[in-house]
Amino acid sequence: MKKVITYGTFDLLHYGHIRLLERARALGDWLVVGVTSDDYDLSRGKINVRQSLAERLEAVRRTGLADEIIVEEYAGQKIDDICRMGIDVFTVGSDWVGQFDYLKEYCEVVYLDRTEGVSSSQLRGGEKPLRLGLAGEVAFVNKVFRESRYVNGLEATAYWAADGRELEDDVRALTECASFSDLLEQVDAVYLTTAPAEHGAQIREALERGKHVLCEAPVSIDPAELEDLFALAAQKGCVLETALRTAYSMAYARLLLLIKTGIIGRVVSVDAACTTIRPVDRTDEKRLGRAWNSIYDWGPTALLPVFQILGTDYKERHIVSRILDPATRYDDFSRIDFVYEDAVAQVKVGKGVKSECELIVSGTGGYVYVPAPWWKTDYFEVRFENPENNKRFFYQLDGEGIRNELVSFVRAVQDGREDRHVDARISRAIAQVLSDYAAGRGVTELTVTE
Ligand code: CTP
């Protein structure tokens with residue numbers, strides 16, 4: 001019996017796929033089809049796949065052309081499959097000519113002509129791309145713009161910045177808008193990284209006008225306002241998503257799941273630090289007023305693992321801050337301590353103080369260690385009393401999580417599906433901490449002497 005194998009993503013199964021499978025089958029007596037796993041696609045940079053592995057497997061099954069279907073999970077698997085299954089012919093479309101010649105050592109390699117005029121990419125991009133407007137003046141906008149270029153179905157077309165000094169030429173080459181309202185005129189969705197105090201009014205205006213919003217956390221520093229905004233988004237049928245790139249890192253997501261399995265026993269402590277040294281000009285009041293202080297800028301990220309691992313029902317909380325400017329409440333360092341029924345947590349955030357930016361989750365059986373800068377998680381270790389039992393995990397992180405965040409946003413808009421990376425409960429708990437900080441509730445202020 002002549003065994004043939006072929007591999008593909010088979011997203012939104014189309015005529016080109018079916019023709020390929022028919023011809024692959026005709027090359028022998030038994031056809032094995034390898035369908036790529038979601039993780040494998042992500043790791044090889046294919047981030048826009050619309051259907052889940054289960055849906056893609058089912059679509060291939062329904063063609064009735066495959067005698068056997070397997071999942072392709074890692075680079076190099078093809079050699080293993082071919083040897084293990086005794087494959088005689090490997091085949092794939094002509095878009096791959098030459099790329100699989102290394103398999104000739106193991107079996108015959110046949111490149112079949114690709115069917116012209118149809119592809120998954122084309123089907124995915126069939127809808128008009130979502131026009132994204134960038135609102136904000138911090139350098140982070142540059143990163144978001146760069147990452148947006150990798151995302152199908154999304155096109156950053158315009159920007160608005162009160163002060164464009166930090167924006168790079170690529171961003172400035174987009175349509176410049178004179179006001180936030182003008183920006184809304186030009187686009188279908190906005191990415192907001194304006195000063196947190198401005199978010200509320202801006203999001204409301206965007207939603208009222210039927211525009212989707214991806215807003216850098218904190219979406220609001222007022223829990224009541226946050227509720228109103230989520231309610232308005234639902235009423236208008238718009239997506240309002242919290243941008244917190246760490247939540248979109250595969251390694252970070254896996255870390256949370258592993259902890260849930262009890263691998264480190266009961267969690268007793270979560271410690272996270274997020275710091276950067278980015279001095280602000282304290283004499284430039286206008287700029288200081290619009291600047292992101294430590295607790296607004298880093299707080300949501302640092303609080304994310306605390307709330308995601310320990311929940312939001314803490315019993316005590318205490319904030320200690322170094323407030324440089326009482327008028328704007330600009331802190332260059334803050335420490336927040338939490339006491340839960342059976343655990344504690346501590347986060348340190350700073351924009352004028354530097355510390356080791358690691359994440360440590362301590363449990364009764366071991367601990368999870370994420371090295372600095374932990375918010376760009378691509379690697380972590382689970383460590384035990386006996387180091388021989390330690391486990392190391394690595395997952396590729398492209399674009400600091402921003403790329404996946406944008407993909408998730410576009411998908412939420414296209415499919416009308418709620419994004420679950422940062423749920424409303426977490427956003428609410430973050431807003432509560434920040435609003436208490438703003439009001440000075442439970443805050444001890446350090447004396448700033450310089
Ligand atoms: N294929 C083909 N003709 C097409 C599209 C795909 O013969 N018009 C073949 C590919 O060469 C590959 C298999 O179908 O052998 C699975 O391709 P896949 O990458 O899943 O589909 P594409 O439509 O090429 O997807 P994308 O646009 O995401 O690259």
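Atoms within a ligand are numbered from 1 in the order they appear, just like the ligands themselves. Index from 1, following the sequence.
For ligand 1, the atoms closer than 4.0 angstrom to any heavy atom of Ser119 are 23 (O), 27 (O). Taking every non-hydrogen atom of Ser120 and a distance limit under 4.0 Å, the qualifying atoms of ligand 1 come out as 21 (O), 22 (P), 23 (O), 25 (O), 26 (P), 27 (O), 28 (O). Close approach of ligand 1 to Asp95 (heavy-atom distance below 4.0 Å) involves ligand atoms 10 (C), 11 (O). Taking every non-hydrogen atom of Phe10 and a distance limit under 4.0 Å, the qualifying atoms of ligand 1 come out as 16 (C), 20 (O). For ligand 1, the atoms closer than 4.0 angstrom to any heavy atom of Val92 are 15 (O).
A salt bridge is defined here as a Lys NZ or Arg NE, NH1 or NH2 lying under 4.0 Å from an Asp or Glu carboxylate O, and Lys104 with Asp101 meets this definition.
At a 4.0 Å heavy-atom cut-off, ligand 1 does not touch Arg19 at all. At a heavy-atom distance under 4.0 Å, atoms from both the backbone and the side chain of Val118 approach ligand 1. Proximity of Thr9 to ligand 1, defined as any heavy-atom pair under 4.0 Å, is shared by backbone and side chain alike. Under 4.0 Å from ligand 1, the heavy atoms of Lys46 that appear belong solely to its side chain.
Within the model, atoms OG of Ser119 and OH of Tyr15 stand 15.0 Å from one another, a figure rounded to the nearest 0.5 Å. In this structure, CH2 on Trp298 lies 14.0 Å from OG on Ser334, to the nearest 0.5 angstrom.
Contact annotation: His14 has at least one heavy atom less than 4.0 Å from an atom of ligand 1.
An N or O contact shorter than 3.5 Å links His17 to ligand 1 by distance. When only interatomic distances are considered, the shortest N/O to N/O separation between Ser94 and ligand 1 does not fall below 3.5 Å. By the 3.5 Å distance cut-off applied to N or O atoms, Ser121 is counted among the residues near ligand 1. Checked against a 3.5 angstrom limit, the closest N/O atoms of Gly93 and ligand 1 fall inside it. Polar contact check, Arg23 against ligand 1: no nitrogen or oxygen pair lies under 3.5 Å apart. Looking at Thr115 next to ligand 1, an N or O pair under 3.5 Å apart turns up.
Given atom 28 (O) of ligand 1, the protein heavy atom at minimum distance is Arg124 NH2, 2.7 Å. Counting only heavy atoms of the protein, atom 9 (C) of ligand 1 lies nearest to Leu20 CD1, 3.8 Å. Summary of contacts: the protein heavy atom closest to atom 2 (C) of ligand 1 is Arg114 CG, 3.5 Å.
No hydrogens or angles considered: a donor-acceptor pair under 3.5 Å links the side chains of Glu225 and Ser220. Looking at Lys351 and Thr275, their side chains never bring a donor and an acceptor atom within 3.5 Å of each other.
Cation-pi geometry between Lys78 and Tyr7 is satisfied (NZ or CZ under 6.0 Å from the ring centre, within 45° of the ring normal).
The aromatic rings of Tyr367 and Tyr369 stand perpendicular to each other, their planes meeting at an angle above 60°, with 30° marking the opposite boundary. Ring orientation note: the planes of Tyr252 and Trp374 are tilted relative to one another, at an angle of 30° to 60°. Taking the six-membered ring for Trp and thresholds of 30 and 60 degrees, His17 and His14 have nearly parallel ring planes, at less than 30 degrees apart.
Considering only heavy atoms from C-beta on, Thr194 comes within 4.5 Å of Gln202 through its side chain.
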(request) Evaluate the criterion ring pair (Phe, Tyr, Trp, His ring centres under 6.0 Å) for residue pair Phe338 and Phe307; output intermediate values, then yes/no. (result) CA-CA 10 Å; Phe338 293 91; Phe307 293 148; 5.6 Å; yes
(request) Under the salt bridge (Lys or Arg N to Asp or Glu O under 4.0 Å) rule, what do Glu227 and Arg428 come out as? Steps first, then yes or no, please. (result) CA-CA 8 Å; Glu227 293 305 324; Arg428 243 180 259 138; 2.3 Å; yes
